[in-house]
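To keep things clear, I will list the structure first and then write my remarks on it.
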Amino acid sequence: MNFTRWSARLPGTQRRAAARTDRGSVPAARGESGPGPDTWPDGDGTEGPAAPALEELSVRQLLGQLPALAALVYGPEHRVAYVNDAYATTFGPRPVGAPAAKALPELDELGLLPLMDQVLRSGKPRTVKSRKAQGGGSYTVTCTPVEIPARGEAGGGVLVFAADVTDHAEAAERLRASERRHRETAVTLQRSLLPQELEQPDDLRVAVTYQPGGTDAAVGGDWYDVITLGAGRTALVIGDVMGRGVRAAAVMGQLRTAVRAYARLDLPPHEVLQLLDGLAAEIDASQIATCVYAVHDPNEGRLVYASAGHLPLLVRHEDGSVHRAADPTGPPLGTGGWLHTSGTIALPPGATAVLYTDGLVERRGEDIDEGVASLERALSGAVGTPQVVCDRLIRSLGVTAEHDDDVAVLVLQHPARTGPDAELFHNAALDLLGGVEAAPRARAFASGVLASWRFPVELRDLGVLAASELVANSLQHGTPPMRLRLRRTDRRLIIEVTDGDDHLPRRRRAEPGDESGRGISIVATIASSWGSRRTPGGGKAVWCEFALPG
């Protein structure tokens, strides 16, 4: 055996040899007299016995005193030549000359026999880390080729050097278990803060898919929501907190709650984001988030949206063409100092819109615009219900259970209704011209429309009364132009009056002697719900709804 060659491969041998060379060369470099060939300075400066040369040391003595496990095998069958004391203590003594497959079954348990074959053929050392034996211990093993003098065996031998890393492996497993518990906590919190049941508007069909990142990925702060605003209008939200873990999920929950509260104010999308921007900085100055807030109005056939650093929403038309929402896009929430603006994109009957987080389209080593382009191509061929479209987009973009980021996809469709289904959706409008004489015309118009829609007499009378009160309120306190709009869906009757004055009405208690102030109270009492909002360009809309009998 050429001990000098393979012993240099043992951990630390090269460093110790280099250190001896450096120490031996220092006196000569300085021109000082060094120790003689048979002496070496002790720790106190005196000269002691000469250090033994490496070739003078016994291989058996060195290997026997190592705390690590060492075994030497030779030949193509890896016959046992030697095992040290540490090896014998751990696995028991082994007979010399027996094949490793029979005499060293623990090497087979660790999966080392194929590795030893490879080392013997290639002449290059190989290392495997933290292999676990059946006895419960974990070992990092290095297999090193060695030269053995000819003994009738071809191919030399292999030195198996195994370090016990059980403590390190157990510590790593405890760390992984802790990370799994932390991830499970974050996933549970995340899911509990997301909508448990998605609201389904009258005029839209909506589906959503949320998939947390794989086991090696920390949970992010993706969120989504669908909020019915009244008068047939719907707010759709998707966002992403730029963080991971429980903290990101907690921030996400606060932002989602705030969005729902601000949505009840029925503000334009950019004003909602403006409020969220200030709140995000107050929640946690170190956390920022992206968000898209969009509002669908069935009377306009479009989405009005605002974006805070989020990816553009996409709309697919019936012919398969896909349109990407253009700017305006402001910076993420929490950065401050920016005035957000709203934009619009058409959503005609038959169209499908997609809102999503970056986990769907972002890939390492790839520009995110390429991911968005891939999503556009996938969307152009995606047909079916919103849930089918969600699933197809997830598959097309290669998102699996082990994806490295959270993914949220929100799909909404504006159905193109025909036949009996279309008969459940109607619109009628009347411009209120003139003065007080517009009130009786409005009552007659409402009565005729509701009768043509074949509503029950009781509901028709309540609808006429509500329309009369809203029109009277607008005639008294509003300014032209004024309009009465009636709308029915498969679930409700909506009555809305618009005018040019932007002062919103409020419900108040009228005193017995007051001659006015009871109109809104009457509407709030007889209707299922009511509300008001400012309209773009000035003015307001006041509305109420009646639930249709099942």
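All heavy atoms count here, side chains included; hydrogens, waters and symmetry mates do not. By convention here, the first residue in the shown sequence is residue 1.
Not a single donor-acceptor pair under 3.5 Å links the side chain of Gln118 to the backbone N or O of Lys124. Formation of a donor-acceptor pair under 3.5 Å by the Ser321 side chain with backbone atoms of His317 is not found in this model. Side chain of Arg316 to backbone of Ser380: a donor-acceptor contact under 3.5 angstrom is found.
A salt bridge (charged side-chain N to carboxylate O under 4.0 Å, His left out) check over residues 64-74, counting only residues at least two apart or in different chains, returns nothing. Residue pairs that meet the side chain to side chain donor-acceptor pair (under 3.5 Å) test with at least one member in residues 82-105, sequence neighbours left out, are Tyr87-Glu106, Arg94-Glu106. Applying the salt bridge (charged side-chain N to carboxylate O under 4.0 Å, His left out) test to every pair with at least one member in residues 283-292, sequence neighbours left out, gives these pairs: Arg247-Asp284. Residue pairs meeting the salt bridge (charged side-chain N to carboxylate O under 4.0 Å, His left out) criterion with at least one member in residues 356-369, sequence neighbours excluded: Arg364-Asp404.
Heavy atoms only, all atoms of each residue included: Cys143 and Leu115 are closest at SG-CD2, 4.1 Å. For Lys132 against Ser138, the heavy-atom pair with the smallest separation is CG-OG, 3.9 Å. Counting all heavy atoms, side chain and backbone alike, Leu303 lies closest to Ala353 at CD1-CB, 4.0 Å. Minimum interatomic distance between Asp405 and Gly359 (heavy atoms only, all atoms of both residues): OD2-CA, 3.8 Å. Listed here is the closest heavy atom pair of Gly137 and Thr166: CA-OG1, 3.3 Å. Smallest separation of non-hydrogen atoms from Leu113 and His78: O-NE2, 4.3 Å.
Side-chain contact between Val206 and Val208 is absent, with no heavy atoms from C-beta onward closer than 4.5 Å. At a threshold of 4.5 Å between non-hydrogen side-chain atoms, the residues Thr290 and Met242 count as touching. Taking 4.5 Å as the limit, some side-chain heavy atom of Val399 sits within range of a side-chain heavy atom of Gln211. No side-chain heavy atom of Val322 sits under 4.5 Å from any side-chain heavy atom of Leu375. Taking 4.5 Å as the limit, some side-chain heavy atom of Tyr293 sits within range of a side-chain heavy atom of Pro269. At a threshold of 4.5 Å between non-hydrogen side-chain atoms, the residues Val409 and Ile394 count as touching. Ile238 places none of its side-chain heavy atoms less than 4.5 Å from the side chain of Trp223. Within the 4.5 Å cutoff, side-chain heavy atoms of Val361 are placed close to those of Tyr356.
Residues that satisfy the side-chain contact (heavy atoms from CB on, under 4.5 Å) test with Pro95, not counting sequence neighbours, are Ala98, Ala103. Contacts of Arg324 classified as salt bridge (charged side-chain N to carboxylate O under 4.0 Å, His left out), with partners at least two apart in sequence or in another chain: Glu376. When the salt bridge (charged side-chain N to carboxylate O under 4.0 Å, His left out) test is applied to Arg131, no partner is found at least two apart in sequence or on another chain. Evaluation of the side chain to side chain donor-acceptor pair (under 3.5 Å) rule for Gln200 yields no partner, not counting sequence neighbours. Under the ring pair (Phe, Tyr, Trp, His ring centres under 6.0 Å) criterion, His296 pairs with His414, sequence neighbours left out. Every residue meeting the salt bridge (charged side-chain N to carboxylate O under 4.0 Å, His left out) condition with Arg176, not counting sequence neighbours, appears here in chain and number order: Glu173. Considering only residues two or more places apart in sequence or on other chains, Ala162 meets the side-chain contact (heavy atoms from CB on, under 4.5 Å) condition with Leu69, Tyr139, Val141.
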Just do the side chain to side chain donor-acceptor pair (under 3.5 Å) check on Thr357 and Asp222 with the steps written out, would you?
-> CA-CA 7 Å; Thr357 57; Asp222 293 12; 2.8 Å; yes
Where do Leu347 and Leu204 land on the side-chain contact (heavy atoms from CB on, under 4.5 Å) test, with the steps shown first?
-> CA-CA 11 Å; Leu347 188 73; Leu204 298 175; 4.3 Å; yes
Take Leu255 and Ile283, measure what side-chain contact (heavy atoms from CB on, under 4.5 Å) needs, and give me the verdict at the end.
-> CA-CA 9 Å; Leu255 290 178; Ile283 292 174; 4.0 Å; yes
Verdict with supporting geometry, Thr127 and Thr142, side chain to side chain donor-acceptor pair (under 3.5 Å) | CA-CA 4 Å; Thr127 299; Thr142 298; 3.1 Å; yes
Do Val354 and Leu410 pass the side-chain contact (heavy atoms from CB on, under 4.5 Å) test, and can you show the C-alpha distance, the side-chain angles, and the key distance before you say yes or no?
-> CA-CA 6 Å; Val354 178; Leu410 178 64; over 6 Å; no
Criterion side-chain contact (heavy atoms from CB on, under 4.5 Å) on Thr140 and Val128, from CA distance to verdict = CA-CA 6 Å; Thr140 292; Val128 293; over 6 Å; no
Residue pair Glu199, Arg205: steps toward the salt bridge (Lys or Arg N to Asp or Glu O under 4.0 Å) verdict = CA-CA 10 Å; Glu199 295 184 30; Arg205 291 186 293 178; over 6 Å; no
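Each of Val83, Leu120, Val146, Val158 was evaluated against Val73; a single residue qualifies, Val158, per the side chain to side chain contact (heavy atoms under 4.5 Å, CB included) test.
Rounding to the nearest 0.5 Å places CZ of Arg126 at 14.5 Å from CE of Met116. Interatomic distance, Asp240 CG to Met252 CE, rounded to the nearest 0.5 Å: 10.0 Å. Taking CD1 from Ile227 and CG from Leu229, the interatomic distance works out to 7.0 Å, rounded to the nearest 0.5 Å. Once rounded to the nearest 0.5 Å, the distance linking CZ of Arg392 with CG of Leu379 reads 10.0 Å. Note that the CG atom of Asp406 and the OH atom of Tyr210 stand 3.5 Å from one another [nearest 0.5 Å]. Remark: Leu275 CG to Leu279 CG distance equals 9.0 Å, nearest 0.5 Å.
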Show me the side-chain donor-acceptor pairs of residues 331-345 shorter than 3.5 Å, one per line, residues at least two apart or across chains.
{"from": "Thr335", "atom 1": "OG1", "to": "Pro332", "atom 2": "O", "distance (Å)": "2.8"}
{"from": "Ser342", "atom 1": "OG", "to": "His270", "atom 2": "N", "distance (Å)": "3.1"}
{"from": "Ser342", "atom 1": "OG", "to": "His270", "atom 2": "ND1", "distance (Å)": "2.7"}

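Classification of Arg377 and Glu370 as a salt-bridged pair fails, no side-chain N sitting under 4.0 Å from a carboxylate O.
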